[in-house]
Amino acid sequence: MGDSSGSVSIDMEALSPRRHEHLVETTYGPVCVAVCGDPDKPALITYPDLALNYMFCFQGLLFCPEASSLLLHNFCIYHISPLGHELGAPVISVDAPLLSADDLADQIVEVLNYFGLGAVMCMGVTAGAYILTLFAMKYRQRVLGLILVSPLCQAPSWSEWLCNKVMSNLLYYYGMCGVVKELLLKRYFSKEVRGNAQVPESDIVQECRRLLCERQSTNVWRFLEAINGRVDLSEGLRKLQCRSLIFIGESSAYHSEAVHMTTKLDRRYGALVEVQGSGSLVTEEQPEAMVIPMEYFLMGYGLYRPTQSISPRSPLSPTRISPELLSPENMGLKLKPIKTRLSL
């Protein structure tokens, strides 16, 4: 199996919020969890997209001052990395069984039990959003709410399945080669930041390209196989009782997937925010666009920005979100250029 090459060493310690990393042993293998914040606060768990970990997938969001103050004031964040996606991860043995999406969702329960957590707020991006949605469907009592970015909820289309198979074969035989990196960058980012012959790549794309060189291709291949074998969750979405806030980049390849997911959720509990000028990785490309929708969403749980007089250690007690708080007028006027599509 091919190995990744051209590794670049980056001091991510200096670029990330203070954290403590734990290697949690589970039935499905060890998983790295980075804990940021006060463990006495309510828990927010994150799950990144394919080939990423929290240091890149959620770094832009947490470096946005307004988002950071909102999230770290109210939550202790538990960043879960897919198996072998953390920095410095060893290659998973070829003898280890391939895990399914169901296995990865079940693994989250073991992580929560390890830390003694009850019900948690969840935030996931694309493949990670699928895993967390599946987790919420299987373990409804353990999920308070879902914040999903460019989520997947259906089985792969033929075109996606074929693209994933091409990536899978390239990863297996050639490692994290140039073609795989280009396919992943196209998955994450809009054309505007990826650049072209006349316009250079943006800094964020260049950084992501370097970080992909550090991924163990074997481990990425395993996660890709799990996601490419996913099943359709559409019929079970309406049974979800937790509130869901969905962000989708206007240029995301998964735009129709997010719209489909919103139509399948209970209209009382789901909201869709479309972010202009962004690809799938809204958390990195347009993180500031997420702030006000998240603030209104969390108000329904009695959580506010630190300027409000409320104890961050108060237990989450959801109340119904007023439709006015998530109206297109309220969000659109404050989040230009953003189009907002809602179903409440």
Side-chain angles (χ1 to χ4, degrees), residues 1-12 21 23-24 26 28-34 46-59 79-101 103-104 107 124-131 150 152 156 159-189 194 201 204-230 253-254 279-281 284:
M1 188 173 292
D3 293 324
S4 303
S5 59
S7 177
V8 177
S9 177
I10 298 176
D11 183 10
M12 298 302 293
E21 293 192 348
L23 194 63
V24 181
T26 73
Y28 306 98
V31 59
C32 183
V33 182
T46 72
Y47 211 105
D49 192 17
L50 176 70
L52 300 177
N53 57 34
Y54 77 95
M55 288 184 177
F56 190 85
C57 200
F58 301 101
Q59 178 176 273
H79 296 291
I80 302 174
S81 293
L83 263 66
H85 278 53
E86 68 274 15
L87 275 180
V91 178
I92 298 174
S93 170
V94 293
D95 297 325
L98 286 175
L99 300 182
S100 66
D103 294 332
L104 296 176
Q107 187 180 54
V125 177
T126 312
Y130 179 89
I131 299 298
S150 305
L152 305 173
S159 58
E160 185 197 346
W161 183 90
L162 182 59
C163 179
N164 287 345
K165 273 301 178 185
V166 170
M167 274 202 296
S168 180
N169 288 335
L170 289 171
L171 283 166
Y172 191 91
Y173 291 108
Y174 302 103
M176 187 61 74
C177 61
V179 175
V180 173
K181 283 186 278 190
E182 291 304 322
L183 289 171
L184 288 171
L185 292 172
K186 185 178 180 181
R187 174 190 180 98
Y188 305 146
F189 299 111
R194 294 202 313 271
E201 288 180 341
I204 191 173
V205 175
Q206 292 179 30
E207 180 187 358
C208 186
R209 185 186 295 277
R210 290 193 297 268
L211 291 173
L212 287 175
C213 292
E214 298 189 344
R215 297 282 78 81
Q216 296 287 359
S217 57
T218 303
N219 303 351
V220 175
W221 170 77
R222 287 174 170 273
F223 191 23
L224 177 58
E225 286 292 295
I227 291 303
N228 209 32
R230 69 184 187 269
Y254 306 106
S280 296
L281 205 57
E284 295 293 330

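Worth knowing before you read on, the calculation uses all heavy atoms, side chains too, and leaves out hydrogens, waters and symmetry mates.
Among all heavy-atom pairs drawn from V180 and G175, the shortest one is CG2-O, 4.1 Å. Minimum heavy-atom separation, P82 to P48: CD-CG, 3.5 Å. Across every non-hydrogen atom of N164 and N228, the tightest pair is ND2-OD1, 2.8 Å. A pairwise comparison of heavy atoms in L183 and C163 identifies CD2-SG, 4.2 Å as the closest pair. Closest of all the heavy-atom pairs between F223 and Y47 is CZ-CE2, 3.9 Å.
Between the R215 side chain and the G84 main chain, no donor and acceptor come within less than 3.5 Å of each other. Side chain of R222 to main chain of A96: a donor-acceptor pair is present (N/O by atom type, distance under 3.5 Å, no hydrogens or angles). The closest donor-acceptor contact from the side chain of D103 to the backbone of S100 lies under 3.5 Å. Put simply, the side chain of T126 gets close to the backbone of S150: a donor and an acceptor are under 3.5 Å apart. Formation of a donor-acceptor pair under 3.5 Å by the N219 side chain with backbone atoms of H85 is not found in this model.
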### Task
Take E86 and E21 through the test side chain to side chain contact (heavy atoms under 4.5 Å, CB included) and record every step on the way to the result.
CA-CA 10 Å; E86 68 274 15; E21 293 192 348; 5.7 Å; no
### Message
Before you tell me yes or no, could you show the steps for L104 and Y28 under side chain to side chain contact (heavy atoms under 4.5 Å, CB included), namely the whole-Å CA-CA distance, both residues' side-chain angles and the distance that decides it to 0.1 Å?
### Response
CA-CA 8 Å; L104 296 176; Y28 306 98; over 6 Å; no
### Query
Are L152 and I227 close enough, and set up right, to give a side chain to side chain contact (heavy atoms under 4.5 Å, CB included), and what steps lead you there?
CA-CA 9 Å; L152 305 173; I227 291 303; 4.2 Å; yes
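Between the CG atom of D49 and the OH atom of Y130 there is a distance of 14.0 Å, given to the nearest 0.5 Å. Atom-to-atom distance recorded for L83:CG and L98:CG is 11.0 Å, nearest 0.5 angstrom. Summarising the geometry, atom CG belonging to L184 is positioned 9.5 Å from atom CD belonging to E182; distances are rounded to the nearest 0.5 Å. Taking CG of L170 as the start and SG of C177 as the end, the distance is 4.5 Å to the nearest 0.5 Å. Considering CZ of R187 and CG of L281, their distance stands at 10.0 Å, rounded to 0.5 Å. The distance from atom CG of L212 to atom CG of L52, rounded to the nearest 0.5 Å, is 6.5 Å.
Checked by atom type, the side-chain pair Y188/R194 shows no donor-acceptor distance below 3.5 Å.
Looking at residues two or more places apart in sequence or on another chain, you find a side-chain hydrogen bond (donor to acceptor under 3.5 Å, both in side chains) between S168 and W221, E225. Among residues two or more places apart in sequence or in another chain, the side-chain hydrogen bond (donor to acceptor under 3.5 Å, both in side chains) test is passed with S93 by none.
K181 places none of its side-chain heavy atoms less than 4.5 Å from the side chain of C208. Here the side chains of I204 and F189 are in contact, with some heavy-atom distance below 4.5 Å. At least one side-chain heavy atom of E207 sits less than 4.5 Å from a side-chain heavy atom of R210.
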